[in-house]
Amino acid sequence: MGRIIDILNQDTHFCDGLNSCMNCGVCTAVCPAAEFYNYDPRVIVDTVQRGDESEIEELLKSNTIWYCGECMSCKPRCPRGNTPGEVIMALRKASIETGLFVESEKGRQQFAIKRAIADSVLGVGYCVSPDIAVPEKHPEQGPVWEWICANKEQVYERVHANYDGNGAGALRHVDEASLNELKEIFKVTGGTAFMESIEQCSKEKAAALGMDIEEYLHETYTFNSGGDGYGNNE
Amino acid sequence: MDMVTTNNRQWEKYQKEIADDRYYYARSCIRQTFFPGSEWAFIDILRNKLGKDIFDDPKHTTCTGIGYHSDVVPFQTTMTVVARHFALMTEAGYANITPSCITSFGIYTEILHAWEEHPELLERVREDLYKATKREFDVPKNLAHTSDVIYKFRNQIAMQMVHPLVDVHTGKPLRVVDHIGCHYAKMFPSKGVGGAEFPAVLSGMVDAWGGECIDYPERRHCCGFGFRNYLVQANRGYSVANSMKKLESMEPYEPDFIVTNCPGCGMFLDKWQYTISEMSGKTYGKNGYGIPVLTYEEMAGLVLGYNPWDLGLQMHQVAVEPLLDKMGIDYDPEKKYCDADGKLISLPKCPTFLKQ
């Protein structure tokens with residue numbers, strides 16, 4: 001057994017998500033990612049099932065494993081009880097653990113996600129907040145969201161939220177003791193180390209590409225080469 | 001055995017147990033940000049319309065769900081954060097948990113399933129939680145999404161109905177598109193009312209309150225969130241394209257509104273109508289309006305006679321006024337963009353094509 005296959009075999013998502021694929025392609029037929037990307041979950045599951053270490057390593061370096069939206073629409077449709085979306089989760093985790101995620105454009109985006117979401121979890125206690133989903137980064141949210149963000153205190157008070165306040169209610173300020181508990185949980189369970197490895201690999205990749213880290217962050221958040229997922233540009 | 005009995009037995013497979021009182025409330029990152037009025041209305045309906053006990057805990061945090069499904073937070077971390085919620089629930093003297101988010105509901109369901117299948121995972125989580133916080137927990141007796149709770153009491157709500165889901169001008173039921181969200185029942189169909197195949201949690205409310213649910217081709221298709229496919233600006237084409245696929249599919253059925261289970265889905269189906277209109281000039285409702293998108297709390301609130309601006313309908317991008325007019329709701333348009341004291345805050349800018 002190879003190194004990557006060993007990592008996968010220790011992953012609950014991998015063990016639960018892959019039984020025995022018969023290549024029927026139902027997962028691809030219902031997949032929202034396959035609808036709009038050159039992406040085929042059936043092929044990924046088939047590749048992984050063959051167990052060829054070098055082919056799996058290529059997957060971990062590729063854009064391919066990053067197209068899935070983890071909607072799990074594949075799960076109830078598979079006649080063999082496989083979940084390609086769970087196999088993808090295991091491949092992505094292995095890609096990060098081996099540092100191979102920085103080899104692909106879509107994989108490098110993990111840095112932008114880590115900076116936005118993971119930092120928000122530990123900073124304010126929630127994945128999303130009106131202070132993070134700012135209109136400059138979300139023009140698609142439209143003028144009403146712009147209006148809300150410009151008048152947060154008044155709008156949120158009007159709809160009975162407790163924006164940045166103490167006590168219970170929507171959007172309350174999460175107290176320091178609770179945030180410290182979250183941070184301790186991240187430390188004890190490997191969440192902090194996982195996030196630090198995304199940071200470290202990204203910093204090294206940015207240096208290799210001759211970018212400072214802010215430039216790299218902007219690039220990973222905005223750049224889309226239109227690649228087809230197999231290392232080629234369309 | 002007659003056909004009715006057979007059908008009833010078949011249908012039993014698609015029901016789930018929903019606790020009838022004493023809930024520990026788990027807030028949602030997205031719902032509290034984009035639909036805080038819905039979270040307020042849910043608690044208010046439970047406490048003041050249904051006489052239930054629900055605990056809103058200031059110590060509650062995210063479940064990390066968006067981070068987990070965008071692959072920046074590992075499973076062990078997510079399980080232990082959720083275990084902390086279970087510990088807070090246990091300490092407060094509750095045994096039933098009701099999350100206000102479909103991503104959270106999916107994660108809680110997945111975790112409870114994983115602990116049943118792999119008991120060693122539960123033991124490790126207990127150890128990790130204790131090491132990190134000195135807290136201990138009981139596994140909840142009942143897990144129900146907040147919409148499950150409203151579904152359970154839909155008939156009691158119907159008895160207090162002020163505005164049924166009926167067009168007051170024609171007397172006909174309003175035509176409603178429901179969207180239950182992928183993680184409600186696609187991962188564990190037996191844990192959602194109606195499973196993944198027969199979405200019933202929202203359509204059950206619509207039926208009970210006088211409306212008519214539309215079955216359209218892409219009813220079960222994802223809204224297009226796709227986690228990293230929205231979070232990263234470079235990937236948002238995936239997200240808008242999938243929402244558009246649904247909107248195009250429902251348009252010929254001329255729905256009066258969309259009702260969503262998941263706060264993310266509701267936000268996308270609302271906001272992407274604006275984006276699509278700016279990109280192509282296309283609008284999906286009549287006379288340049290969009291199709292209004294409601295959360296089930298907002299739908300319940302309107303049915304029960306709540307003020308639309310208390311519910312936060314002014315926070316939607318797609319104007320809801322055409323729907324309010326159909327339902328015969330007496331609202332004050334001048335108060336739409338006012339603060340809690342009734343003073344005008346300011347007016348949002350108007351989109352290029354979508355009527356506001």
Side-chain angles (χ1 to χ4, degrees), chain A residues 12 32-33 36 69-73 75-76 89 92-93 109-110 112-114 116-118 121 125-130 133 137 140-144 146-148 151 154 156-161 167-168 170-172 174 178 181-182 184-186 188-191 194-195 198 221-224, chain B residues 27 29-30 32-33 36-37 39-40 56 58-59 61-62 64-67 69-77 80-81 84 114 118 128 131-133 182-183 186-187 189 196 221-222 224 226-229 231-234 236 238 241-242 271 274-275 312 315 317 339-340 345-346 348-349 351:
Chain A
T12 317
F36 298 106
E70 295 189 19
C71 68
M72 305 296 168
S73 297
K75 185 167 184 182
M89 288 177 83
R92 288 174 174 178
K93 185 159 177 279
Q109 293 171 342
Q110 287 310 99
I113 300 172
K114 184 267 161 191
I117 302 300
V121 168
Y126 283 96
C127 291
V128 178
S129 87
K137 287 192 170 180
E140 76 289 343
Q141 286 280 335
V144 172
E146 221 176 286
W147 173 77
I148 294 165
N151 303 285
Q154 291 153 291
Y156 282 120
E157 186 192 9
R158 173 66 191 91
V159 296
H160 315 277
L171 295 171
R172 71 201 173 282
V174 174
S178 297
E181 287 190 19
L182 267 191
E184 275 307 306
I185 290 173
F186 270 70
V188 166
T189 57
F194 193 71
M195 282 158 51
I198 294 174
Y221 183 66
T222 58
F223 181 66
N224 184 341
Chain B
R27 283 190 185 274
C29 305
I30 294 189
Q32 69 169 354
T33 299
E39 294 207 330
W40 165 78
D56 181 15
K59 294 203 281 287
T61 66
T62 179
T64 76
I66 296 174
H69 279 298
S70 58
D71 310 282
V72 292
V73 178
F75 193 35
Q76 182 65 19
T77 304
T80 312
V81 170
R84 179 179 174 274
H118 311 281
D128 280 357
K131 209 184 289 176
T133 69
C182 295
H183 288 196
K186 283 181 183 172
M187 295 193 292
H221 193 79
C222 175
F227 297 96
R228 70 189 327 278
N229 288 298
L231 299 172
V232 178
Q233 194 174 64
R236 284 180 197 153
Y238 166 108
N242 277 294
K271 301 295 172 52
Y274 157 76
T275 309
M315 293 177 72
Q317 182 59 56
D339 64 14
I345 300 169
S346 62
K349 283 183 214 139

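Atom set for the values below is all heavy atoms of this structure, side chains included, hydrogens, waters and symmetry mates excluded. Since the model is a prediction, treat every value here as computed from it, not as a measurement. Per chain, numbering begins at 1; letters A, B, ... match sequence-line order.
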Exercise. Give a yes or no on whether the backbone of B:Ser346 and the side-chain of A:Trp147 come within a donor-acceptor separation of less than 3.5 Å.
Key: yes
Self-check item: Salt-bridge criterion met for B:Arg84 and A:Glu184 (N-O under 4.0 Å)
Solution: no
Quiz item: Nearest 0.5 Å, what's the CG-CD1 distance between B:Leu231 and B:Ile66?
Solution: 6.5 Å
Exercise. Could you look at B:His69 and say if it's the side chain, the backbone, both or neither that has a heavy atom under 4.5 Å from chain A?
Key: both
Quiz prompt | Approximate separation, where rounding is to 0.5 Å, of A:Glu157 CD and A:Asn151 CG | solution = 12.5 Å
Quiz item: Is chain B contacted by the side chain of A:Phe223, its backbone, both, or neither, given a heavy-atom distance below 4.5 Å?
Solution: backbone
Quiz prompt | From A:Lys75 atom NZ to B:Met187 atom CE, the distance as rounded to the nearest 0.5 Å | solution = 7.5 Å
Exercise. Pick whichever of B:Asn242, B:Ile30, B:Thr64, B:Asn229 has the most heavy-atom pairs under 4.5 Å with chain A.
Key: B:Asn242
Self-check item: side chain to side chain contact (heavy atoms under 4.5 Å, CB included) between A:Tyr156 and B:Gln32, worked out
Solution: CA-CA 10 Å; A:Tyr156 282 120; B:Gln32 69 169 354; over 6 Å; no
Quiz item: Between B:Thr77, B:Asp56, B:Thr80, which has the largest tally of heavy atom pairs under 4.5 Å with chain A?
Solution: B:Thr77
Self-check item: A:Thr12 side, atom OG1; A:Met89 side, atom CE - distance, nearest 0.5 Å
Solution: 10.5 Å
Self-check item: B:Phe75 versus chain A, the contacting section by heavy-atom distance below 4.5 Å
Solution: side chain
Quiz prompt | Side-chain touch B:Val73/A:Val121, heavy atoms, less than 4.5 angstrom | solution = no
Self-check item: Euclidean distance, A:Lys114 NZ relative to B:Ser70 OG, rounded to 0.5 Å
Solution: 12.5 Å
Quiz prompt | Contact origin within A:Thr222 toward chain B - heavy atom pairs under 4.5 Å | solution = both
Self-check item: Residue selection (most heavy-atom pairs with chain A, distance under 4.5 Å) from B:Val81, B:Thr133, B:Thr33
Solution: B:Thr33
Practice problem: Name the member of B:Lys131, B:Lys349, B:Gln317 that forms the most heavy-atom pairs with chain A at distances under 4.5 Å. | Solution: B:Gln317
Exercise. Between chain A and each of B:Arg228, B:Arg27, B:Lys59, B:His118, count heavy-atom pairs under 4.5 Å; write down the option with the most.
Key: B:Arg228
Self-check item: From OG (A:Ser73) to NE2 (B:His183), nearest 0.5 Å
Solution: 8.0 Å
Practice problem: Determine yes or no for a side-chain-to-main-chain donor-acceptor pair under 3.5 angstrom, with B:Thr275 supplying the side chain and A:Glu140 the backbone. | Solution: yes
Self-check item: Contact winner vs chain B - A:Gln141, A:Met195, A:Lys137, A:Arg92, heavy-atom pairs under 4.5 Å
Solution: A:Gln141
Self-check item: chain B interface, residue from A:Cys127, A:Ser129, A:Ala133 that has the most non-hydrogen pairs under 4.5 Å
Solution: A:Cys127
Quiz item: Is it the side chain or the backbone of A:Phe36 that comes within 4.5 Å of chain B heavy atoms, both, or neither?
Solution: side chain
Quiz prompt | chain B contact via A:Ile148 - side chain, backbone, both or neither, heavy atoms under 4.5 Å | solution = side chain
Quiz prompt | Atom group of B:Glu39 that falls short of 4.5 Å from chain A, counting heavy atoms | solution = side chain
Practice problem: Sort A:Glu146 into side chain, backbone, both or neither according to what part of it lies under 4.5 angstrom from a heavy atom of chain B. | Solution: side chain
Exercise. Name the region of A:Leu171, side chain, backbone, both or neither, that has any atom closer than 4.5 Å to a heavy atom of chain B.
Key: both
Self-check item: Interchain contact, A:Leu182 with chain B, by part (heavy-atom threshold 4.5 Å)
Solution: side chain
Self-check item: Contact origin within B:Asp71 toward chain A - heavy atom pairs under 4.5 Å
Solution: both
